[in-house]
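Indexing begins at 1, ligand by ligand and atom by atom, following the structure's order.
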Amino acid sequence: MAISDPTAEAIARAADLLRAGGLVGMPTETVYGLAADAANDVAVADIFRAKGRPVDHPLIVHLGDAELLPAWAEWVPKEAIALARAFWPGPLTMILPKAADVSELVTGGQTTVGLRMPDHPVALALLRAFGGGLAAPSANRFGRISPTTAAHVESELGDAVPIVLDGGDCQVGIESTILDLSGASPVVLRPGAISADAIAAVIGRRPMQREDLDAGADVVRVSGALPAHYAPVTAMQLLPLSDLMAAAAAGHGERVAVLARAPMPADFDGIWLRGPHSADAFARALYADLRALDAAGCARILVETPPPDEAWRAIRDRLERAARGAGARDST
Ligand code: TXA
Ligand code: MG
């Protein structure tokens with residue numbers, strides 16, 4: 001794999017590669033994506049192969065311009081237009097009824113398609129040079145921690161991807177909010193940086209949260225919604241600070257790796273990463289922190305339970321799934 005500075009020439013070469021059916025590691029403001037021509041099933045099949053992802057898990061199609069929405073959606077509700085105007089380019093994916101010619105490989109056999117316009121200059125330049133839609137899941141092995149640097153992509157996918165455009169550290173750091181607009185009422189399928197309140201302020205009604213809906217009702221396949229996901233290899237637990245301090249002090253002869261907002265106690269002997277107090281900054285650093293803790297060779301990772309506020313919802317979601325998926329070398 002070559003990590004490439006995003007020069008005009010490198011972007012033109014990457015667009016050529018995409019047109020020829022190749023895969024490109026693409027920076028976005030949320031996490032790095034593994035991009036392929038969404039209109040080329042052979043190329044899209046390579047994404048699933050490179051990630052080790054089951055083919056019934058749909059991919060998000062990335063667009064360089066909101067004007068392209070009608071080419072991908074059978075119909076575009078007024079609310080989608082208002083949300084695109086408010087939040088695109090940005091970390092909001094909208095699920096809409098798919099246009100007839102959108103590949104079922106992209107949609108995981110569903111009648112809907114996920115669409116988003118990323119807010120990263122390199123992604124937008126690549127999309128514009130390419131011209132069409134790019135299917136791009138996060139550029140990690142299925143079930144693992146999403147990459148927020150070009151080096152993370154390299155360590156996840158190695159030679160399965162010929163080129164990664166280096167767009168620096170992702171500024172949002174966790175995946176986009178996914179809003180399902182294909183049904184009677186909007187539903188947040190995956191929480192992210194765009195909150196339900198921010199969405200409500202634009203469309204005048206509050207979307208439901210998938211986690212509040214009856215499990216089993218109207219189930220959509222969202223791999224990010226599998227109970228175990230975003231997971232380190234080391235076993236991981238979420239604990240309130242007092243329990244975490246007690247567990248860290250007890251030790252049981254094991255070294256532990258900690259992510260907490262509190263400072264490291266003087267007598268602690270292990271790895272202690274201090275997470276920022278603001279949710280935005282915590283999210284930005286989260287996946288790099290989890291990777292560092294995972295690489296520390298400790299017996300366990302202990303993470304301080306995030307605050308209960310709405311601003312921390314997406315971080316709680318990722319940490320809970322990471323804790324459930326952690327410790328399994330072969331994720332399902
Ligand atoms: O921030 C992001 O969204 C990143 C960057 C690269 O854009 N992408 C990303 O892709 O997180 P991925 O594939 O790791 O997660 C996309 C999620 C999956 O959980 C998938 O199931 C869901 O979007 N999804 C895609 N199309 C869908 C659809 N038609 N209906 C329901 N869920 C869908
Ligand atoms: Mg993913």
Side-chain angles (χ1 to χ4, degrees), residues 24-36 38 44 47-48 50-63 72-74 87-99 102-120 122-124 126-127 133-148 152-153 156-157 164-165 167 170-183 187-194 210 218-231 283 287 314 317-318 321-322 325 331:
V24 170
M26 171 176 77
T28 83
E29 81 282 31
T30 58
V31 301
Y32 275 71
L34 177 59
V44 172
I47 291 182
F48 289 95
K51 275 187 66 95
R53 171 159 160 154
V55 289
D56 62 349
H57 287 280
L59 303 174
I60 294 170
V61 177
H62 296 67
L63 305 176
W72 293 87
E74 190 190 1
F87 298 120
W88 280 10
L92 176 70
T93 296
M94 295 191 280
I95 308 293
L96 298 176
K98 80 175 192 75
V102 179
S103 160
E104 298 221 335
L105 194 56
V106 169
T107 68
Q110 303 186 74
T111 56
T112 54
V113 61
L115 297 164
R116 121 169 166 92
M117 180 178 176
D119 187 14
H120 191 292
V122 176
L124 290 172
L126 181 65
L127 281 160
L134 290 176
S138 52
N140 50 279
R141 302 275 311 156
F142 183 63
R144 293 298 173 202
I145 302 169
S146 297
T148 53
H152 294 167
V153 179
E156 285 288 322
L157 299 173
V164 182
L165 294 171
C170 298
Q171 290 303 297
V172 174
I174 55 174
E175 304 79 359
S176 60
T177 303
I178 300 182
L179 181 70
D180 187 355
L181 288 169
S182 69
V187 182
V188 175
L189 298 179
R190 178 175 72 183
I194 308 282
R210 186 182 197 279
D218 199 26
V219 178
V220 211
R221 280 189 296 266
V222 189
S223 72
L226 294 176
H229 217 74
Y230 315 109
Y287 289 148
D317 169 77
R318 302 310 191 277
R321 292 180 207 289
S331 86

Do [X] and ligand 1 have an N or O pair less than 3.5 Å apart?
X      : result
Arg116 : yes
Arg53  : yes
Thr28  : no
Thr112 : yes

Do the non-hydrogen side-chain atoms of Leu96 and Trp72 ever get within less than 4.5 Å of each other?
-> no

State, with a plain yes or no, whether a side-chain heavy atom of Ser176 is found less than 4.5 Å away from one of Ile60.
-> yes

Backbone or side chain, does Ser146 get an N/O/S atom under 2.8 Å to the Mg ion (ligand 2)?
-> no

When you measure from the side chain of Tyr230 to the backbone N and O of Gly325, does any donor-acceptor pair fall under 3.5 Å?
-> no

Which of the ligand 1 atoms, numbered from 1, are nearer than 4.0 Å to a heavy atom of [X]:
X      : result
Gly33  : 6 (C)
Ser176 : 1 (O), 2 (C), 3 (O)
His62  : 5 (C), 6 (C), 7 (O)
Leu59  : 25 (C), 26 (N)
Val113 : 29 (N)
Ile178 : 17 (C), 22 (C), 23 (O)

side-chain contact (heavy atoms from CB on, under 4.5 Å) against Glu29, all qualifying residues, sequence neighbours excluded = Pro91, Arg116, Pro118, Asp119, Val172

Spacing of [X] atom [atom1] and [Y] atom [atom2] [to the nearest 0.5 Å]:
X      : Y      : atom1 : atom2 : answer
Arg190 : Arg321 : CZ    : CZ    : 9.5 Å
Arg53  : Ser138 : CZ    : OG    : 6.5 Å
Leu59  : Thr107 : CG    : OG1   : 9.0 Å

For ligand 1, does [X] get within less than 4.0 Å through its side chain, its backbone, both, or neither, judged by non-hydrogen atoms?
X      : answer
Gln110 : side chain
Arg190 : side chain
Thr30  : side chain
Asp180 : neither

Start with the C-alpha gap between Glu74 and Val102, add the side-chain angles, then the distance that decides, and say whether side-chain contact (heavy atoms from CB on, under 4.5 Å) holds.
-> CA-CA 10 Å; Glu74 190 190 1; Val102 179; over 6 Å; no

Checking Ile194, Leu179, Thr177 against Phe87 for side-chain contact (heavy atoms from CB on, under 4.5 Å), the one that qualifies is Ile194

Do you know which of Thr93, Leu115, Leu134 makes side-chain contact (heavy atoms from CB on, under 4.5 Å) with Val61?
-> Leu115

Partners of Glu175 by side chain to side chain donor-acceptor pair (under 3.5 Å), sequence neighbours excluded?
-> Ser146, Tyr287, Arg318

Contact check, Met26 vs ligand 1, heavy-atom distance below 4.0 Å | no

contact_flag Thr107 ligand 1 heavy-atom lt 4.0 Å = no

